[in-house]
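This chain uses plain numbering: 1 for the first residue, then up along the sequence.
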Amino acid sequence: GKLVKQYTYPAGWYLPDTEEMGTSSPALANGEILLKTLPTLTGSPLRQSIPLKFAIWTPATGKLRVLGDASFVVATYTDPHSNHSLVAWLPWTCENLLDCRLQLTDASSGVTRQIRSPLGFGFDMRGAFSPDGSRLAAFARTNSGGYDPETRLALIDVSTGSLRLVSGATIEIGEGVAWAQWLPGTGRLMVGG
């Protein structure tokens with residue numbers, strides 16, 4: 001294939017890998033790319049980890065908008081007909097907080113909405129935006145332990161931030177990771193763990 005354009009990332013920033021994204025990278029489009037820093041270890045002898053950061057980079061202008069100290073990107077969405085993009089992500093504090101809130105950032109405006117799980121245990125990794133970007137399928141943790149025997153599907157209305165747990169959609173997992181895939185041309189969703 002023909003190389004169309006080659007970009008050099010800002011120093012210290014990298015593309016998230018597919019494991020971190022839960023999807024193929026790069027994420028976002030319409031002139032913006034999601035980047036991350038690498039976590040670093042500091043302090044001795046404990047060697048504490050400094051959190052990684054996620055940011056939205058516009059190569060044409062060089063502008064870099066940091067989302068915050070992040071643990072994981074749950075899902076991204078870009079409208080194919082406009083410059084509207086969304087990023088759902090979990091903050092670094094989720095590593096230590098029981099009731100961690102999912103962050104839903106509108107990349108165009110920079111506004112971030114915090115979504116709380118009604119189960120009180122935060123969210124597991126991965127999720128998916130609907131094809132039109134109006135809903136986010138996410139996974140609400142069902143307990144506080146490091147081992148998570150199950151997770152529950154939660155549908156989030158992007159415009160209002162309201163969340164509805166889906167009855168009968170409790171998924172057995174082990175590690176706090178599930179997956180969701182919207183079926184094209186329908187309002188239906190496949191999920192698993």
**OP:** With rounding to the nearest 0.5 Å, note down the distance linking CZ in Arg116 to SG in Cys100.
**Re:** 11.5 Å

Main chain of [Y], side chain of [X]: is a donor-acceptor contact present, judged purely on distance under 3.5 Å?
X: Arg135; Y: Ala128; answer: no
X: Arg113; Y: Ser159; answer: yes
X: Tyr77; Y: Asp132; answer: yes
X: Thr142; Y: Glu150; answer: yes
X: Ser130; Y: Ser134; answer: yes
X: Thr112; Y: Leu104; answer: no

If you take all heavy atoms of [X] and [Y], which pair is closest and at what distance?
X: Leu136; Y: Ala75; answer: CD1-CB, 4.0 Å
X: Ala140; Y: Leu119; answer: CB-CD1, 3.9 Å
X: Ala180; Y: Leu189; answer: CB-CD1, 4.1 Å
X: Phe139; Y: Arg126; answer: CD1-O, 3.5 Å
X: Gly12; Y: Tyr14; answer: O-CE1, 3.4 Å
X: Arg152; Y: Thr170; answer: NE-OG1, 3.0 Å

Kindly indicate whether the side chain of [X], heavy atoms from C-beta on, has any atom under 4.5 Å from the side chain of [Y].
X: Thr76; Y: Ser85; result: no
X: Pro131; Y: Pro184; result: no
X: Thr78; Y: Leu86; result: no
X: Ile115; Y: Phe123; result: yes
X: Lys53; Y: Lys36; result: no

**OP:** For Trp13 and Thr37, test the side chains for any donor-to-acceptor distance below 3.5 angstrom and give the result as yes or no.
**Re:** no

**OP:** Determine whether the side chains of Ser162 and Asp157 contain a donor N or O and an acceptor N or O closer than 3.5 Å.
**Re:** no

Subject >> Verdict with reasoning, Ile156 to Leu102, per side chain to side chain contact (heavy atoms under 4.5 Å, CB included) >> reply: CA-CA 11 Å; Ile156 300 166; Leu102 181 117; 4.1 Å; yes

Subject >> Working for side chain to side chain contact (heavy atoms under 4.5 Å, CB included), residues Leu155 and Arg164 >> reply: CA-CA 5 Å; Leu155 294 178; Arg164 178 177 65 88; 3.3 Å; yes

**OP:** Test Phe129 against Val158 for side chain to side chain contact (heavy atoms under 4.5 Å, CB included), laying out the working first.
**Re:** CA-CA 9 Å; Phe129 283 99; Val158 170; 4.0 Å; yes

**OP:** Answer yes if Val74 and Leu165 sit in the same cluster of Ile, Leu, Val, Met, Phe, Trp and Tyr residues linked by side chain heavy atoms under 4.5 Å apart, and no otherwise.
**Re:** yes

Original post:
In this structure, which one of Asp69, Leu35, Leu34, Val66 forms a side-chain contact (heavy atoms from CB on, under 4.5 Å) with Phe54?
Top reply: Leu34

Original post:
Does the side chain to side chain contact (heavy atoms under 4.5 Å, CB included) test come out yes or no for Trp179 and Met190, once each step is laid out?
Top reply: CA-CA 8 Å; Trp179 59 267; Met190 292 188 328; 4.0 Å; yes

